[in-house]
Number of protein chains: 2
Amino acid sequence: MAREIERKFLLESLPEDLKIEERKTIYQSYLAVGKEEVRIRRVTYGDGESKFYLTYKNRTGEKMSREEIEVEIGEKTYDQLNKLSVPLIKERFLIKIQDGLFAEADIYENIGFELMTVEVEFSSMEEAEGFVPPAWFGRELTGTKEFNNQYLFERVNGKKF
Amino acid sequence: MAREIERKFLLESLPEDLKIEERKTIYQSYLAVGKEEVRIRRVTYGDGESKFYLTYKNRTGEKMSREEIEVEIGEKTYDQLNKLSVPLIKERFLIKIQDGLFAEADIYENIGFELMTVEVEFSSMEEAEGFVPPAWFGRELTGTKEFNNQYLFERVNGKKF
């Protein structure tokens, strides 16, 4: 199983001079939430093409780190898995912040209030701990329940899962 | 992704002199069916302990072979994934048929008629093709839709998924 190491921050605004490497729309639903999660995603790219994913994550105590397995699935399988809830929708911008290090800025579309966050994924805990956030990053959200996607998904669906 | 290579046969009866290596009860539900499938299982062992699994399989044309990813999940996650259907229940017996080669005999418990099948998993296509079924194996079911588990699951639930 791959290990995902990331830090998450609030964003007040997206600076205009950033170089956007990629832009995509993510439709995200949870089949199970908690320390373990089972998530499905439709990801629609700028050219209108979509890809579909089934992901299992397991939070293992450390707040920056999760075990993750992801598999690309077909649309027919996605549609069967996606029958029961309203997806969380976010516009995702991939931004290069330094050589080999990218930020993913998310603008949430359907949660009933304005929210932008930014995540950076690292290849080691050392790199994550040594990371100095750029000036345009806001308050750190890593490890807080505030604005976590499971919570926002439950909010969009008006119920606890 | 691991590749699963197996052949499946009908069983008229389970010979009494077989050495049963392990016995377990499998409760199996599908979240998605088709060429790709997403399956959950509760497996209860003789000592009463249960384990839970989330599995993705992708049939890739060849009738004996499927890509497979399986992850062990917690009971809380299983319960969230298992809300919507009646599991297919089978009693599974692990039987050694020769050195390094095991058969899994399944007795179906809740499909409304009597059915026993046996599956053998191989480490290569060559081994699978060269396999000579023991005399107690019945008609081969590999690659037929007859009695496949997705179909039996739909039958138990009285609907097409």
A.B. asks: Are there more than 12 heavy atoms of other residues, nucleotides or ligands under 6.0 Å from atom CG of A/Asp47?
C.D. replies: yes
A.B. asks: Side chain, backbone, both or neither: which part of A/Ile69 has an atom under 4.5 Å from a heavy atom of chain B?
C.D. replies: side chain
A.B. asks: Drop me the distance from B/Glu70's CD to A/Tyr56's OH, to the nearest 0.5 angstrom.
C.D. replies: 12.0 Å
A.B. asks: Nearest heavy-atom pair of A/Thr77 and B/Glu36: which atoms, and what distance?
C.D. replies: OG1-OE1, 2.5 Å
A.B. asks: Does B/Glu12, at its CD atom, have more than 12 non-hydrogen atoms belonging to other residues, nucleotides or ligands within less than 6.0 Å?
C.D. replies: no
A.B. asks: Is A/Leu54 close to chain B through its backbone or its side chain, or both, or neither, when contacts mean heavy atoms under 4.5 Å?
C.D. replies: side chain
A.B. asks: Looking at CG of B/Leu84 and CG of A/Leu84, how far apart are the two atoms once the value is rounded to the nearest 0.5 Å?
C.D. replies: 5.0 Å
A.B. asks: Quick one: do A/Tyr53 and B/Val38 end up in the same hydrophobic cluster if we chain Ile, Leu, Val, Met, Phe, Trp and Tyr together by side-chain heavy atoms under 4.5 Å apart?
C.D. replies: no
A.B. asks: Would you say B/Lys24 has more than 12 foreign heavy atoms packed within less than 6.0 Å of its NZ?
C.D. replies: yes
A.B. asks: I'd like to check A/Gln80 versus B/Val33 (side-chain heavy atoms, cut-off strictly below 4.5 Å). Are they in contact?
C.D. replies: yes
A.B. asks: In terms of hydrophobic clusters joined by side-chain contacts under 4.5 Å, are B/Leu101 and B/Phe9 together?
C.D. replies: yes
